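In what follows, residues are counted from 1 in the order of the sequence shown. Model, not experiment: these values are computed from the prediction.
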Amino acid sequence: MKNTKNDRTLAPARKPTTGRSRQEGRSQPQVADLAIVGMGYVGLPLALQFARSGVSVIGLDIDPAKVEAINQGRSYIRHIAAEAIGELTQSGKFSAASDFAKVREVGAVIICVPTPLNKNREPDISYIVNTGKSIAPHLQQGTLVVLESTTYPGTTDEDLREVLEAGSGLKAGIGFHLAFSPEREDPGNPDSNVAFIPKVIGGFTPGCLERAKALYGKAIKALVPVSSCRAAEATKILENTFRGINIALVNELKVVYDAMGIDVWEVINAAKTKPFGFMPFYPGPGLGGHCIPIDPFYLTWKAREYGQHTRFIELAGEVNTAMPDYVVQRVGAALNAQRKAVNGAKVLVLGLAYKPNVDDDRESPSYVLMDKLNESGAEVSYYDPYVPVVRMTREHPHWAGSRSVAWEKEVIARVDVVLIATNHQAVNYRELAAWAQCIVDTRNAMAGIPTAAGQVWKA
Ligand SMILES: NC(=O)c1ccc[n+]([C@@H]2O[C@H](COP(=O)([O-])OP(=O)(O)OC[C@H]3O[C@@H](n4cnc5c(N)ncnc54)[C@H](O)[C@@H]3O)[C@@H](O)[C@H]2O)c1
């Protein structure tokens, strides 16, 4: 905890719902109580939750298409209803813009921008730094800035603080408040509600923490204050590392048990009946999404600065990144059993999204599978009801513009293997069993569905 003494010099915490205690720099009528920067998978639902709770929100994003969609009451995220956005934009509680000068008119700013890895698999905090540069000139005495993007310990009180102080001429903890609060969004889970997910918060000073608690308390039921921004940053990394390591464990067991003729899915389902001391994790074709494959390596990178090594993280990464090779090997075995080769085979990858029932294909292992099969000479197509067309990405530009095949008997029956990479609930697996010649199943999606002998290969 830093600058505890300086906290006494802080301006009194402003009420985010009124913004009336603004002391200087206000030249226009207030646009909102709160600005949320980054209207993506994290920022948009958070904005809706605050707006629903009576805190007026302006969403700031550099993507004009998202700004336009919000202001027209349209949704661009499958599991967020357009009505939810439209209702709040019409009531005046929610709007969007690209103009960062709006920060002058709000009491608090929450940052939810991407934190990817660069091509050398090192943290790329440029989105955070650029956001800091954009908002700094507009910070006012007493503005609260909270970072929510997942990142290594030290980002908020070192990297972001430096940019904000340099651009605003104000000092953190004295001129403006600074905090970190990790997002725990669970996209696609209908039982997940932002309001009821406890929110961990760490402040740069005790005063910063109080200010952040006052803000989040308006929209979130349970707050979990911790001693510093770093403790809050480290909490999020622990949560995601825990998942990554446990997924690696079951991925490794999948391969070992398969060699022994044991079905790992049956074993996990039996083990999870233990009422204490066990939590089920499930194997898959490799890690995907914006969090689990990336966040632990933020810590790995930062730990080196302290002469520390994150051996569990590295080992889990090694096991998880080997999964697509294992799956491709299983596809080869399934084809071999039909006297076919991967080279020249028609392979349909079912599911491009990295997890079921969402349209998010970032870091999806499906692309790795498609690349590997393609390199081996397979003719690759895909089906995903939520990703009709592949958008342009830095990692897989060669798949951009590819279109999902139609879900039709003739299309499915024509391919040599259907490779289930994502188990979307909307897919009719009975039809798949009736139509497909051969299925390689990485998600146990065919469990309980009658299939012909030798038709389904688990991978
Ligand atoms: N998606 C999840 O389930 C999830 C869960 C927990 C934490 N997180 C973390 O939350 C953060 C955001 O993730 P996301 O999934 O919402 O990302 P996203 O890509 O869906 O959204 C990020 C948004 O930020 C915008 N943006 C980028 N740079 C900007 C800038 N300089 N100024 C303004 N806007 C900018 C982009 O246009 C985009 O709309 C990441 O750190 C991620 O690791 C994500």
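- Sorted by first and then second residue, the side-chain hydrogen bond (donor to acceptor under 3.5 Å, both in side chains) pairs with a member in residues 310-319 read Thr300-Thr310; sequence neighbours excluded.
- Contact check for Arg443 versus Asp441: side-chain heavy atoms found under the 4.5 Å cut-off.
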*Apply ring-ring contact (aromatic ring centres under 6.0 Å, His included) to His424 and Tyr386, showing your working.*
CA-CA 9 Å; His424 288 308; Tyr386 306 129; 4.7 Å; yes

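- Ile313 is listed as a side-chain neighbour of Leu299, based on a closest heavy-atom distance under 4.5 Å.
- Between Tyr382 and Asp361, every side-chain heavy-atom pair lies at or beyond the 4.5 Å cut-off.
- A salt bridge links Asp157 with Arg230: at least one charged nitrogen is closer than 4.0 Å to a carboxylate oxygen.
- The heavy-atom pair separating Asn240 from Cys291 by the smallest distance is ND2-CB, 3.6 Å.
- Checking each of Asn251, Thr442, Val255 against Tyr326 for a side chain to side chain contact (heavy atoms under 4.5 Å, CB included) leaves exactly one that passes, namely Val255.
- Between Phe204 and His177 the shortest side-chain heavy-atom distance does not fall below 4.5 Å.
- Ion pair Lys458/Asp263 flagged as a salt bridge, since at least one NZ, NE, NH1 or NH2 atom sits closer than 4.0 Å to an Asp/Glu carboxylate oxygen.
- A 4.5 Å side-chain heavy-atom check between Leu369 and Pro285 finds at least one atom pair inside the cut-off.
- Ring geometry for Tyr367 versus His396: interplanar angle under 30°, hence parallel rather than tilted (30 to 60°).
- Sequence neighbours left out, the pairs with a member in residues 172-184 that pass salt bridge (charged side-chain N to carboxylate O under 4.0 Å, His left out) are Arg184-Glu239.
- Between the side chains of Asp384 and Ser404, no donor-acceptor pair of N or O atoms lies under 3.5 Å.
- Around OH of Tyr257, the count of heavy atoms belonging to other residues, nucleotides or ligands within 6.0 Å does not exceed 12.
- The structure places CZ of Arg211 at 12.5 Å from CG of Leu178, a figure rounded to the nearest 0.5 Å.
- For the 3.5 Å distance criterion, the side chains of Asp359 and Tyr41 qualify, holding a donor opposite an acceptor.
- Residues Lys218 and Ser53 bring no donor and acceptor atom of their side chains to less than 3.5 Å of each other.
- Taking both residues in full, the closest heavy atoms of Asp124 and Asn118 are given as CB-N, 4.2 Å, listed atom of the first, atom of the second, then distance.
- In terms of heavy atoms, Asp258 sits closest to Arg330 at OD2-NH1, 3.6 Å.
- For Trp407 and Asn428, the side-chain atoms include no donor-acceptor pair closer than 3.5 Å.
- In this structure, the side chains of Leu144 and Phe176 stay at 4.5 Å or more apart for every pair of heavy atoms.
- Across Ile58 and Ala32, no two heavy atoms sit closer than the pair N-CB, 3.7 Å.
- Residues Leu44 and Ile70 have side chains in contact (heavy-atom distance under 4.5 Å, counting atoms from C-beta outward).
- Sorted by first and then second residue, the side-chain hydrogen bond (donor to acceptor under 3.5 Å, both in side chains) pairs with a member in residues 61-82 read Glu68-Gln72, Gln72-Arg74; sequence neighbours excluded.
- Gln49 approaches Ala219 most closely through the heavy-atom pair NE2-O, 2.8 Å.
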_Set out, in order, the CA-CA distance, both residues' side-chain angles and the distance that settles side chain to side chain donor-acceptor pair (under 3.5 Å) for Thr151 and Glu233, then state yes or no._
CA-CA 6 Å; Thr151 184; Glu233 289 162 333; 5.8 Å; no

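- A salt bridge links Lys199 with Glu148: the distance from a Lys NZ or Arg NE/NH1/NH2 to an Asp or Glu carboxylate oxygen falls below 4.0 Å.
- Considering all non-hydrogen atoms of both residues, Gly173 and Cys208 come closest at CA-SG, 3.9 Å.
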*In sequence, state the C-alpha distance, the side-chain angles, and the governing distance for Trp265 and Tyr282, and then conclude on ring-ring contact (aromatic ring centres under 6.0 Å, His included).*
CA-CA 8 Å; Trp265 292 91; Tyr282 300 99; 5.6 Å; yes

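- In this structure, the side chains of Val368 and Met323 stay at 4.5 Å or more apart for every pair of heavy atoms.
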